[in-house]
Amino acid sequence: NPYLEDFYNDMRRWSFNLQVYFLNSRIRQILEIQKGQNTIIQDRTIYEDAKIFAPNLHDLGLMSVRDFSNYNALFDTVSHFFDPPDLLIYLQASIGTLVSQIQRRGRKFEENIRTDYLKRLNGYYENWIATYDAGPLLIINVDECNYADKEEDFEKVVELVRAELSRLDKQA
């Protein structure tokens, strides 16, 4: 992402550019996914940018009203051209777990992410998930399920996802 490091250095200047970059990237991912026949797990959905990251930046005063309105209008326009995910998997985590995961990634430009920023994002996620009704939802509590380090937890997650996909296939 050519904007991420700049964004973390000057959020007010680069917030709109970053969000448009992500929107464009997600649209391209969706178009690619729609071409294929395989089951795809996408790391982030297009909805997260529009429902969490952009509103958070706007509410923090890091994205102007004009840019936020423009971004939302663009999202509303393009969102009519694709369906929501067949299954949304939400990895729910506490701030402590999120901080540990960020530190583990070891990205230099993420070293100075403020805890209050993460708390706000986490709040946006929780509010969005509480009202998510675009399709099936599977919530996995990452504080209780360390699938990255424990094989048995990884297998549990795989089984939960398989069971949900199987249930959805039977409904179709």
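Throughout, numbering of the chain's residues begins at 1 and tracks the sequence.
Ring orientation note: the planes of His58 and Phe68 are close to parallel, at an angle under 30° on the 30°/60° scale.
Ring to ring, Tyr124 and Trp128 are not that close: their centroids are 6.0 angstrom or more apart.
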Start with the C-alpha gap between Asn70 and Arg66, add the side-chain angles, then the distance that decides, and say whether side chain to side chain contact (heavy atoms under 4.5 Å, CB included) holds. CA-CA 6 Å; Asn70 187 17; Arg66 178 185 64 181; 5.6 Å; no
Worked verdict on Ile52 versus Asn127 for side chain to side chain contact (heavy atoms under 4.5 Å, CB included): CA-CA 9 Å; Ile52 295 159; Asn127 291 335; over 6 Å; no
Working note: Glu159 + Lys156, criterion salt bridge (charged side-chain N to carboxylate O under 4.0 Å, His left out); need CA distance, chi angles, decisive distance, verdict. CA-CA 5 Å; Glu159 190 51 44; Lys156 178 181 172 184; over 6 Å; no
Stepwise, does the side chain to side chain donor-acceptor pair (under 3.5 Å) test hold for Asn17 with Arg13? CA-CA 8 Å; Asn17 303 73; Arg13 163 63 184 94; 3.3 Å; yes
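With Leu57 as the fixed residue, the side chain to side chain contact (heavy atoms under 4.5 Å, CB included) test singles out one of Phe16, Tyr117, Tyr71: Tyr117.
Side-chain atoms of Asp143 never come within 3.5 Å of backbone atoms of Ala93 as a donor-acceptor pair (strictly under, hydrogens ignored). For the pair Arg12 (side chain) and Met63 (backbone), a donor-acceptor distance under 3.5 Å is absent. Distance alone, capped at 3.5 Å, is enough to place a donor-acceptor pair between the Ser79 side chain and the Asp76 backbone. Not one N or O on the side chain of Asp10 forms a donor-acceptor pair closer than 3.5 Å with the backbone of Asp6. Here the side chain of Ser166 pairs no donor or acceptor atom with the backbone of Arg162 at under 3.5 angstrom. When atom types are taken as modelled, the side chain of Ser100 and the backbone of Gly96 share a donor-acceptor pair closer than 3.5 angstrom.
For the atom pair NZ of Lys119 and OG of Ser94, the computed distance is 11.0 Å after rounding to the nearest 0.5 Å. For the atom pair CD1 of Ile129 and CD1 of Ile139, the computed distance is 6.0 Å after rounding to the nearest 0.5 Å. Here the CH2 atom belonging to Trp14 is positioned 12.0 Å from the CZ atom belonging to Phe7, to the nearest 0.5 angstrom. Arg107 CZ to Leu4 CG: the interatomic distance, rounded to the nearest 0.5 Å, is 7.0 Å. Atom-to-atom distance recorded for Thr39:OG1 and Leu165:CG is 6.5 Å, nearest 0.5 angstrom. Here CG of Leu98 is found 5.0 Å from CG of Asn122. Values are rounded to the nearest 0.5 Å.
Taking 4.5 Å as the limit, every side-chain heavy atom of Arg26 sits out of range of all side-chain heavy atoms of Thr45. Contact annotation: the side chain of Thr97 approaches that of Gln101 to within less than 4.5 Å [non-hydrogen atoms, C-beta and beyond]. Using a 4.5 Å heavy-atom threshold, the side chains of Val20 and Phe75 count as separate. Side chains of Gln19 and Phe53 form a contact here, defined as non-hydrogen atoms less than 4.5 Å apart.
The salt bridge (Lys or Arg N to Asp or Glu O under 4.0 Å) test applied to Asp67 returns no partner, not counting sequence neighbours.
Minimum heavy-atom separation, Glu48 to Asp43: OE2-O, 4.4 Å. Nearest heavy atom pair, residue Gln29 against residue Arg44, reads OE1-O, 4.4 Å. Among all heavy-atom pairs drawn from Ala50 and Asn72, the shortest one is O-OD1, 4.3 Å. Here the closest heavy-atom approach between residue Pro136 and residue Tyr132 is recorded as O-CE2, 4.1 Å. For the residue pair Tyr3 and Leu18, the shortest heavy atom distance occurs at CB-CD1, 3.9 Å.
Side chains of Asp149 and Asn146: a donor on one and an acceptor on the other come within 3.5 Å.
Atom CZ of Arg114 has 12 or fewer heavy atoms from other residues, nucleotides or ligands within 6.0 Å.
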Distance-only criterion, 3.5 Å: show the donor-acceptor pairs between side-chain atoms of residues 81-92 and protein atoms not counting sequence neighbours.
residue: Tyr90; atom: OH; partner: Glu126; partner atom: OE2; Å: 2.7
residue: Gln92; atom: NE2; partner: Glu126; partner atom: OE1; Å: 3.0
residue: Gln92; atom: NE2; partner: Glu126; partner atom: OE2; Å: 3.1

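Criterion: ILVMFWY side-chain heavy atoms under 4.5 Å apart, direct or through other members. Under it, Ile33 and Leu31 are not part of a common hydrophobic cluster. Taking hydrophobic clusters as Ile, Leu, Val, Met, Phe, Trp and Tyr residues chained together by side-chain heavy-atom distances below 4.5 Å, Val157 shares a cluster with Leu168. Leu137 and Ile40 are members of different hydrophobic clusters when ILVMFWY side chains are connected at heavy-atom separations under 4.5 Å.
Arg167 has a carboxylate O that lies under 4.0 Å from a charged side-chain N of Glu164, or vice versa, which qualifies the two as a salt bridge.
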